[in-house]
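As structure tokens, the structure follows; a few thoughts come after it.
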Amino acid sequence: MIAFVQGSVAALAPDTAVVEVGGVGMALQCTPATLAGLRVGEPARLATSLVVREDSLTLYGFAEDDERQVFELLQTASGVGPRLAQAMLAVHRPDTLRRAVAAGDEKALTAVPGIGKKGAQKLLLELKDRLGAPVGGPARPPTGPASGAPSPWNDQLHSALLGLGYAAREADEAVAAVAPLAEEQAADGAQPQVASLLRAALQTLNRTR
């Protein structure tokens, strides 16, 4: 098993990072929050999980070991594959998922595209004794300066929403809805955080359903 990948970031796409390791470019599927913390040309260390299928080998990358652990635990529930597990981590941090499962919070799970009410109820039952208690600790590392930065926050956010299955019109509306939040973050001197904007956008989309 490949436990982690460490090297220079060679390329970034809406859902993928390419990390050069020993002259080989390793493509890793990542959440928007993980991608937001990476910069082309800068060193990175990502925890990884290798998903083996009959016709493919897919490497998933995570900013934290805890995310990788939760990603793998989520897939022990019936009906949860790597894509859905990654979508759950795109919407919620690991400890948020732990709290939601511990509290039986259906609403938190139905905020994830692809999970309906019945699916949320089933997941709450299956995951109750698997995720464990919140571990606390620091949140994801903040996004650094924009040297070699990926596309602007609105492009990243739009692509992330499309990747989660929303229509282009829905993605456009959600990006517009969270623009004031992004402007507020920028006014404080910080680069807009795609992770927090994605969560806000998903809450907006959930309210309009």
Side-chain angles (χ1 to χ4, degrees), residues 1-75 80-94 112-114 138-166 168 171 174-175 182 185 190-199 201-202:
M1 176 182 176
I2 302 174
F4 70 89
V5 166
Q6 183 170 329
S8 176
V9 178
L12 293 170
D15 60 356
T16 307
V18 178
V19 179
E20 184 178 348
V21 182
V24 177
M26 307 286 285
L28 296 90
Q29 297 289 312
C30 304
T31 65
T34 296
L35 292 169
L38 303 176
R39 293 291 177 269
V40 172
E42 294 188 3
R45 182 186 187 279
L46 297 176
T48 59
S49 179
L50 180 63
V51 176
V52 180
R53 296 287 185 266
E54 289 184 3
D55 59 348
S56 67
L57 296 173
T58 306
L59 200 59
Y60 290 82
F62 309 91
E64 304 167 359
D65 290 335
D66 189 37
E67 281 187 324
R68 187 261 310 280
Q69 180 182 4
V70 171
F71 172 79
E72 293 175 346
L73 287 172
L74 289 171
Q75 293 177 73
V80 179
R83 288 291 184 181
L84 183 55
Q86 188 180 51
M88 293 172 76
L89 286 167
V91 178
H92 299 299
R93 292 186 175 92
V112 179
R140 294 185 177 98
T143 302
S147 169
S151 14
W153 70 265
N154 48 343
D155 290 344
Q156 278 188 282
L157 180 58
H158 193 273
S159 296
L161 291 168
L162 293 178
L164 288 171
Y166 287 100
V175 169
Q185 292 177 355
Q191 184 174 347
Q193 297 289 304
V194 176
S196 61
L197 295 173
L198 177 61
R199 293 185 183 93
L202 289 168

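The backbone N or O of Ala63 sits less than 3.5 Å from a side-chain atom of Glu67, completing a donor-acceptor pair. Looking only at distances, no side-chain donor or acceptor of Ser8 sits under 3.5 Å from a matching main-chain atom of Pro43.
Contacts of Ala44 classified as side-chain contact (heavy atoms from CB on, under 4.5 Å), with partners at least two apart in sequence or in another chain: Val9, Leu38. Scored by the side-chain hydrogen bond (donor to acceptor under 3.5 Å, both in side chains) test, Gln6 finds no partners at all (sequence neighbours excluded).
Here the closest heavy-atom approach between residue Leu84 and residue Pro113 is recorded as CD1-O, 3.9 Å. Heavy atoms only, all atoms of each residue included: Leu12 and Ala17 are closest at CD2-CB, 3.8 Å. Contact detail for Arg68 and Ser49: the closest heavy-atom pair is CG-CB, 4.1 Å. When every heavy atom of Ala85 is checked against every heavy atom of Gln75, the shortest pair comes out as CB-CG, 4.0 Å. Between Pro94 and Leu89, the shortest heavy-atom distance links the atoms CG-CD2, 4.1 Å.
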Verdict with reasoning, Leu59 to Val5, per side-chain contact (heavy atoms from CB on, under 4.5 Å) = CA-CA 10 Å; Leu59 200 59; Val5 166; 4.1 Å; yes

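Note that OG1 of Thr34 is 8.5 Å distant from CD of Gln86, once rounded to the nearest 0.5 Å. To the nearest 0.5 Å, atoms NE2 (His158) and CG (Leu198) are separated by 13.0 Å.
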Could you list the donor-acceptor pairs under 3.5 angstrom formed between side-chain atoms of residues 19-30 and any protein atom two or more places apart in sequence or on another chain?
unit_1 : atom_1 : unit_2 : atom_2 : d
Gln29  : OE1    : Arg83  : NH1    : 3.4
Gln29  : NE2    : Thr16  : OG1    : 3.4

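Legend: ring-ring contact (aromatic ring centres under 6.0 Å, His included) pairs involving residues 43-66, not counting sequence neighbours, sorted by first then second residue: Tyr60-Phe71, Phe62-Phe71.
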